[in-house]
Amino acid sequence: MSRLLLAGATGLIGQITLTLALASPRVTRVIAPTRRPLPAHPKLVNPVVDFDALPGDADGWHVDAVACALGTTIRDAGSRAAFHRVDHDYPLAVARLARAHGARAFALVSALGADPASRVFYSRTKGELEQALANLGFDSLTLLRPGLLGGDRAQHRAGERWAQRIFGALGPVLPRRYRVVPPERVAAALLEAVLDARPGRHVVPSEQLLG
Ligand SMILES: NC(=O)c1ccc[n+]([C@@H]2O[C@H](COP(=O)([O-])OP(=O)(O)OC[C@H]3O[C@@H](n4cnc5c(N)ncnc54)[C@H](OP(=O)(O)O)[C@@H]3O)[C@@H](O)[C@H]2O)c1
């Protein structure tokens, strides 16, 4: 693999993935479309884009693989429709464009419980995206399904912080799938998935992403 497209490179998982990808000798170029600019790096191409109007003809879509860590929360997005646009429509638009330009592998940070038939809107959105991606014909598709992420994020999310504390404290007695997941592990697994590009569809459950 030489050219990697990374979506969500300014986020918690995305930033770590970007650092790993820029340091990897197996990646020659990282194309990271974002809505706010990233610090420059000789291996990085960073188009600042509007995800509602992605340029269909840009050279950046000619990549070997795509790693996607895009996402928001219903609270930050402001509505379910806005959340669905960021967590479903944007990743799918990126996937379609990259696939149309020859990308063979795609790896997604999805979430524990992703299921298109779920009664929970968040899980249903993630499941619908997984399903739509599976229909695009990538040789390799990896769906990481972490539970609650640990780590510090610049943006304050009080509810998540409380959940991290409670689930963190209960960690030793919780079933492994409900334990707090280190973002470094998710980022490493995301990059590994696109570098290995194992043929087929692979689901990585939360318990396999623990430290
Ligand atoms: N938090 C958890 O506990 C948890 C658990 C399981 C799964 N996940 C999933 O894991 C994925 C990555 O999570 P994370 O915590 O790393 O996310 P994050 O820190 O919130 O980063 C999300 C990324 O998406 C971008 N983004 C958000 N809204 C956008 C918009 N309207 N237009 C363009 N870009 C936008 C952000 O760009 P800006 O920097 O410009 O905002 C950022 O690059 C998400 O899909 C999330 O649902 C999270």
Side-chain angles (χ1 to χ4, degrees), residues 5-21 30-39 46-54 66-95 106-115 118 120-130 133 142-168 177-191 193 203-210:
L5 191 143
L6 174 62
T10 53
L12 178 65
I13 302 291
Q15 283 178 48
I16 306 170
T17 310
L18 178 63
T19 304
L20 294 174
V30 180
I31 295 101
T34 54
R35 59 177 171 174
R36 48 196 180 93
L38 290 162
N46 176 220
V48 173
V49 298
D50 172 0
F51 280 80
D52 280 321
L54 289 170
V66 181
C68 180
L70 262 180
T72 185
T73 60
I74 297 175
R75 195 175 145 196
D76 286 343
S79 68
R80 282 182 167 207
F83 168 80
H84 195 271
R85 194 158 65 237
V86 176
D87 276 62
H88 177 277
D89 299 354
Y90 290 174
L92 193 53
V94 167
F106 193 100
L108 171 75
V109 185
S110 182
L112 175 75
D115 178 357
S118 175
V120 179
F121 178 72
Y122 175 85
S123 303
R124 195 163 68 245
T125 301
K126 297 291 191 190
E128 286 170 357
L129 173 61
E130 290 189 357
L133 291 172
T142 303
L143 307 165
L144 309 177
R145 292 185 182 162
L148 182 66
L149 296 175
D152 284 328
R153 59 177 74 246
Q155 186 193 24
H156 185 68
R157 288 184 188 167
E160 218 167 81
R161 210 159 287 175
W162 274 109
Q164 275 181 5
R165 278 191 202 137
I166 292 163
F167 280 82
R177 70 189 308 245
Y178 296 119
R179 294 189 191 166
V180 176
V181 180
E184 295 79 11
R185 289 283 305 122
V186 182
L190 186 67
L191 184 61
V203 174
V204 183
S206 200
E207 54 269 36
Q208 278 181 30
L209 294 166
L210 299 173

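One-based numbering, in listed order, for ligands and for the atoms of each. The structure displayed is predicted, hence computed values, not measured ones.
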Could you tell me whether the side chain of [Y] reaches within less than 4.5 Å of the side chain of [X], counting heavy atoms only?
X: Thr72; Y: Arg85; value: no
X: Phe51; Y: Asp89; value: no
X: Leu5; Y: Pro33; value: yes
X: Leu129; Y: Asp87; value: no
X: Phe83; Y: Thr73; value: no

Could you work out, for [atom], the closest of [options] by heavy-atom distance?
atom: atom 46 (C) of ligand 1; options: Arg85, Gln15, Lys126; result: Lys126
atom: atom 19 (O) of ligand 1; options: Leu6, Leu12, Leu144; result: Leu12
atom: atom 40 (O) of ligand 1; options: Arg35, Arg145, His88; result: Arg35

Between [X] and ligand 1, which part of the residue brings a heavy atom under 4.0 Å of the ligand: side chain, backbone, both or neither?
X: Thr10; value: both
X: Asp87; value: side chain
X: Pro183; value: neither
X: Phe83; value: neither

Any N or O on [X] sitting closer than 3.5 Å to an N or O of ligand 1?
X: Ala111; result: no
X: Gly11; result: yes
X: Gly8; result: yes
X: Leu149; result: yes
X: Phe51; result: no
X: Ile13; result: yes
X: Gly71; result: yes

Notebook entry, point to check: Who pairs with Thr34 by side-chain hydrogen bond (donor to acceptor under 3.5 Å, both in side chains), at least two apart in sequence or on another chain?
Noted result: Asn46
Next item on the list: Could you list the residues that satisfy side-chain hydrogen bond (donor to acceptor under 3.5 Å, both in side chains) with His84, not counting sequence neighbours?
Entry: Glu128
Counting from 1, what ligand 1 atoms have a heavy atom of [X] closer than 4.0 Å?
X: Tyr90; result: 30 (C), 31 (N), 32 (N)
X: Ser110; result: 7 (C), 8 (N), 9 (C)
X: Pro146; result: 6 (C), 7 (C)
X: Ala69; result: 12 (C), 22 (C), 23 (C)
X: Leu148; result: 3 (O)
X: Leu70; result: 24 (O), 25 (C), 26 (N), 34 (N), 35 (C), 44 (C), 45 (O)
X: Arg36; result: 38 (P), 39 (O), 40 (O)

Check: Measuring from Leu92:CG to Leu70:CG, what's the distance to the nearest 0.5 Å?
Finding: 11.5 Å
Next item on the list: Quick one: pull up CZ in Arg185 and CG in Leu144 and give me the separation to the nearest 0.5 Å.
Entry: 10.0 Å
Margin query: Determine whether a donor-acceptor pair (N or O, by modelled atom type, separation under 3.5 Å) exists between the side chain of Arg124 and the backbone of Ser118.
Written below: yes
Notebook entry, point to check: Got a donor-acceptor contact below 3.5 angstrom from the Thr19 side chain to the Gln15 backbone?
Noted result: yes
Item checked: Qualifying residue for side-chain contact (heavy atoms from CB on, under 4.5 Å) with Pro183, from Thr17, Val109, Leu12 -> Leu12
Next item on the list: Check the pair Leu210 / Val181 against side chain to side chain contact (heavy atoms under 4.5 Å, CB included), numbers first and verdict last.
Entry: CA-CA 5 Å; Leu210 299 173; Val181 180; 4.1 Å; yes
Checklist line | Test item, Gly147 contacting ligand 1 (heavy atom, 4.0 angstrom) | finding: yes
